[in-house]
Amino acid sequence: MTVTQTTAPQYRNYINGEWKDAASGNTVASLNPANRHDVVGIVPNSGREDLDAAVAAANAAAKAWSRMAGPARGQLLYKAANILESRLDDIAATMTREMGKTFGEAKGETARGVALLRYYAGEGSRKIGDVIPASDASGLMFTIRVPLGVVGVITPWNFPVAIPMWKIAPALAYGNTVVWKPATETAVTAAKLAEVFHEAGFPPGVVNLVIGSGSVVGQGIAEHPGIHGISFTGSNPVGKRISQAALARGAKYQLEMGGKNPVIVARDADLDLAVNATISGAFRSTGQKCTATSRVIVEKDIYPAFREKLLEKTRTLRIGDGLDESTWLGPCASESQMETVLSYIQKGVEEGATLLCGGRRLTEGRLADGFFVEPTVFENVTPDMAIFREEIFGPVIALVQAENLEEAIRLANDSEYGLSASIFTRDIGNVLAFIRDMDAGLVRVNEETAGVELQAPFGGMKQSSSHSREQGTAAIEFYTSVKTVFIKG
Ligand code: NAP
Ligand code: MG
């Protein structure tokens with residue numbers, strides 16, 4: 001929608017160290033999903049000419065930035081970390097207003113953003129190569145990791161601080177310049193992060209923000225000859241398109257995409273632990289985490305007891321505005337996200353699954369102006385059903401019974417995705433079988449499926465990623481190229 005008149009604050013693109021409207025003057029409104037009448041801000045709806053300007057600035061800045069000493073680049077990242085930390089409450093509250101997750105979760109995520117900046121600030125002082133014995137005894141052979149040049153960063157709305165930081169911070173630390181296109185849904189949060197980089201004193205053109213639609217600015221990044229690497233997190237169909245465009249022009253790319261993450265509850269599991277972790281994994285952030293639990297596969301002996309405890313606890317969850325301290329579960333991030341979730345719930349019923357609890361949009365009282373869906377549990381779900389196979393990205397659990405652990409692992413692997421997976425058991429044989437046989441990039445024992453540590457590699461198997469990894473020491477693999485040097489003595 002193009003907004004002509006409003007009192008909401010205006011935000012701009014950040015290009016070459018300056019705040020700029022879209023050249024066309026077009027804007028869109030960013031709305032609060034807990035109250036659609038609350039306009040969080042007005043943001044540019046940029047076009048290709050805005051992207052071109054950002055790419056030109058990023059290329060112009062690239063050489064000097066790559067030649068700056070790594071520790072000096074790290075110092076700027078430390079500064080950005082301190083500024084972000086000083087604004088933690090404001091940025092977290094903006095995130096909650098823009099996409100609905102609870103204020104507590106938003107603060108935790110913003111703190112993660114600070115920690116990511118500090119981790120990669122430190123990387124500026126760590127090794128960027130190896131010495132390798134040369135066959136010629138008088139020679140010296142070694143590798144140097146060099147930046148790609150300009151990196152395009154395309155991010156989703158579900159972690160509007162952490163995901164951009166785990167891409168932008170390493171890109172910068174290793175000497176790349178950045179053109180960032182955030183999800184339009186969380187563009188105000190993005191503009192506030194760009195302010196952090198601006199105030200930290202990064203040279204003009206090193207970090208650029210272009211706010212606009214995926215089909216114009218996002219696709220533009222994928223196709224732009226001035227962009228040398230693309231890091232994307234989002235849905236599978238979009239990821240596929242980006243990789244095809246990148247491949248066609250020989251650009252490096254990295255994709256992190258969807259999941260349909262299973263929890264296995266073995267017959268010897270600590271049931272309270274398994275129930276609490278299932279609820280947290282499935283319903284925190286309203287189920288809108290790529291690592292959210294969506295299938296729960298339970299050994300049949302303990303199925304009735306698990307089901308009873310799960311339903312009892314699910315019915316107690318408080319739904320409301322994420323800024324209200326008593327809220328446990330916020331709204332879906334947007335109206336279209338809510339519609340998608342409701343359509344999957346309807347499909348589940350039509351395909352013959354049994355709806356045990358939830359399933360409705362909530363519209364009582366103050367919830368009427370938001371996009372609230374009850375936490376929902378289905379049983380009698382079979383592998384042919386859409387709610388077993390497709391990523392819903394909402395607060396919906398599919399319960400499945402398994403005869404034994406072997407069948408449970410087979411069902412868990414019956415998915416095109418392989419991002420994260422958990423098992424609840426105290427049996428070491430079960431643990432070892434799960435670690436060996438589960439096809440997922442993140443396998444967790446007696447812990448929920450969601451949860452990522454910034455110092456460890458993160459990424460999925462099968463259709464969940466481009467088989468690359470992000471975060472920790474894995475980041476250097478994507479954001480640099482290896483130059484092998486031989487010097488004849
Ligand atoms: P999405 O629709 O794929 O959007 C992600 C980003 O891509 C947004 O910035 C979007 O821009 C942009 N985009 C849309 N169309 C594009 C195109 N044709 N070319 C280039 N860019 C384009 O995904 P989403 O709905 O925002 O996010 C939810 C998805 O992200 C889920 O599938 C979830 O599993 C996945 N996710 C994965 C991870 C992970 O690490 N594996 C983490 C979080 C989320 P606009 O929205 O502004 O149009
Ligand atoms: Mg919004």
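Computed over heavy atoms, backbone and side chain alike; hydrogens, waters and symmetry mates excluded. Since the model is a prediction, treat every value here as computed from it, not as a measurement. All ligand and atom numbering here is 1-based and tracks the order in the structure.
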Visitor: Would you call E416-R389 a salt bridge at under 4.0 Å N-O?
Guide: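 Not counted as a salt bridge, because no side-chain N and carboxylate O are separated by less than 4.0 Å.
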Visitor: Using side chain to side chain donor-acceptor pair (under 3.5 Å) as the criterion, point out the one residue from N32, T189, D38 that pairs with R97.
Guide: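 Answer to the side chain to side chain donor-acceptor pair (under 3.5 Å) test with R97 among N32, T189, D38: D38.
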Visitor: Using the test ring-ring contact (aromatic ring centres under 6.0 Å, His included), find all partners of W166 that sit at least two apart in sequence or belong to another chain.
Guide: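 W166: ring-ring contact (aromatic ring centres under 6.0 Å, His included) contacts with F458.
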Visitor: Decide, yes or no, whether a salt bridge links R12 with E195 under the criterion of side-chain N to carboxylate O below 4.0 Å.
Guide: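 Salt bridge absent between R12 and E195.
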Visitor: Which residues pass the side-chain contact (heavy atoms from CB on, under 4.5 Å) test with A402, sequence neighbours left out?
Guide: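 side-chain contact (heavy atoms from CB on, under 4.5 Å) check on A402 returns I297, E407, A408, L411.
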Visitor: Check each protein residue for a heavy atom under 4.0 Å from ligand 1 and list those that pass, ordered by chain and number.
Guide: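 Correct list: I154, T155, P156, W157, N158, I163, K181, P182, A183, T184, G212, S213, G214, G218, Q219, F232, T233, G234, S235, V238, I242, E256, M257, G258, C290, E391, F393, L419, F458.
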Visitor: Show me the pairs that pass side chain to side chain donor-acceptor pair (under 3.5 Å) and involve residues 113-123, at least two apart or across chains.
Guide: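 As it turns out, the side chain to side chain donor-acceptor pair (under 3.5 Å) pairs with a partner in residues 113-123, which skip direct neighbours, are N82-R118, E85-R118, E123-R126, E123-Y174.
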